[in-house]
> 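Supplied in structure tokens, the structure appears directly below.
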There are 2 protein chains.
Amino acid sequence: MDTTVVSARRKIEIYRVNVGNGGLDNCPIRTVVQNISGKWSALLLMALAERPYRFGELRRLVPDISQRMLTQTLRDLQRDGYVSREVFPTKPPSVEYSLTDLGRSMYDAIEHLFHWAENNHQQVRAARVEFDAAED
Amino acid sequence: MDTTVVSARRKIEIYRVNVGNGGLDNCPIRTVVQNISGKWSALLLMALAERPYRFGELRRLVPDISQRMLTQTLRDLQRDGYVSREVFPTKPPSVEYSLTDLGRSMYDAIEHLFHWAENNHQQVRAARVEFDAAED
DNA sequence: GTTGTTGCTCTCTTTTTGAGACCAGCACTA
DNA sequence: TAGTGCTGGTCTCAAAAAGAGAGCAACAAC
């Protein structure tokens, strides 16, 4: 009983830190960010922000995505309500993907990051080179 | 020669689309985004934006990260120049991580997304529930 | 009738993550 | 002085995610 008091108190303290910081589990930011942060999500959102695209167009636009990941990423984006999927009954049925209002609103926010990236990627690349050079 | 003309023209067209769109390979946004978009990067950046943290503090702050991923994510962030790592010669040597100027500047951009997430995560959750319900 | 187009799915391999043991060095405590 | 804890890691192995590529059904054009 005596020896465990300390570690119990410590555990409570740790727990308090987590809850006090807003409860990182079930955290809004985590909810949203985890799904935008897929390897391909940002790229596809950018494309769709420009205009609606068909499946095949997206595949050609992002040449190094696999068909499997394109399907899946689009479905995830659709699930979160950013993208809407519309099937047209053309002869080989075609599918068009476009941003929803929610998606567009989110894109306005993420756009800041994209602008930053365009302006500062050189510094990031430089930092990377320097870091790699410092590996002994 | 005759039959290949069509597909060659098609290939050129596809190539033009890619290049015309800014060359998605070796693209600045891809360079930057791919490394911020790790599962834990955003969370750690948020924490470090608040104040510098020690390794163990971060581990307690984000309880469901493994030590291995914490080490690795911090190193990646450091490699890209967002985070600086400082070792203090205390008795059990302690290590402090903090945002660099570059990191802080990037954080200002990504912060918009975090704000959006806080304000709109309910809609995302709702979309998700609706999508899942529609699965036949 | 061969070839091409559409948007997928299925399988297989490789890469990334996660869980957890282990490590060295020092401090405190019994 | 032997045991225990704290520091920030690394190493190994299992599980999950991603990539490569084949297959597919239905129709169109040549």
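Naming: A, B, ... by sequence-line order, numbering from 1 per chain. For clarity, every value in this text was computed on a predicted model and none was experimentally measured.
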> Is the shortest distance from a Lys or Arg side-chain nitrogen in B:R51 or B:E57 to a carboxylate oxygen in the other one below 4.0 Å?
yes

> Rounded to the nearest 0.5 Å, how far does CZ of B:F114 lie from CG of B:L45?
6.5 Å

> Can you tell me how far C1' of D:dA20 sits from CG of A:D64, to the nearest Å?
13 Å

> Please round to the nearest 0.5 Å and tell me the distance separating atom CD of A:Q123 and atom NE2 of A:H121.
10.0 Å

> Taking only N and O in the side chain of B:W40, is any of them less than 4.0 Å away from OP1 or OP2 of C:dG18?
yes

> Verify the contact: side-chain N or O of A:R68 to OP1 or OP2 of D:dG21, cut-off strictly under 4.0 Å; return yes or no.
no

> Can you find a side chain N or O atom of B:Y53 that sits less than 4.0 Å from OP1 or OP2 on D:dG8?
no

> Find the distance A:I65:CD1 to C:dG7:P and express it as a whole number of Å.
14 Å

> Starting from P on C:dT9, measure out to CG on A:L70 and report it in whole angstrom.
11 Å

> If you check every side-chain atom of A:P92, which of D:dT7, C:dT6, C:dG7 has the closest atom?
C:dT6

> Report the distance from atom CZ of A:F88 to atom P of D:dC27, rounded to the nearest whole Å.
20 Å

> Strictly below 4.0 Å: does A:K39 bring a side-chain N or O up to OP1 or OP2 of C:dT15?
no

> So B:I36 and B:Y82, do their side chains get closer than 4.5 Å, heavy atoms only?
yes

> Rounded to whole angstroms, how far apart are CZ on A:R59 and C1' on C:dT5?
10 Å

> Output the single nucleotide from C:dG7, D:dA20, D:dC6 whose closest atom is nearest the side chain of A:S66.
D:dA20

> Between P on D:dT7 and CD on B:Q67, what's the gap in Å once rounded to a whole number?
10 Å

> Where the side chain of A:S94 is concerned, which of C:dG7, C:dT9, D:dG19 is the nearest nucleotide?
C:dG7

> So which nucleotide from D:dT7, C:dA19, C:dT17 ends up closest to the side chain of B:R60?
D:dT7

> The side chain of B:F55 is closest to which nucleotide in this list: C:dC8, C:dT17, D:dG8?
D:dG8

> Can you tell me how far P of D:dG8 sits from CZ of B:R75, to the nearest Å?
14 Å

> In whole angstrom, what separates A:M69's CE from D:dA20's C1'?
13 Å

> So that I can tick it off, tell me whether A:D64 and B:R30 are bridged by a salt bridge, with the cut-off set at under 4.0 angstrom between side-chain N and carboxylate O.
yes

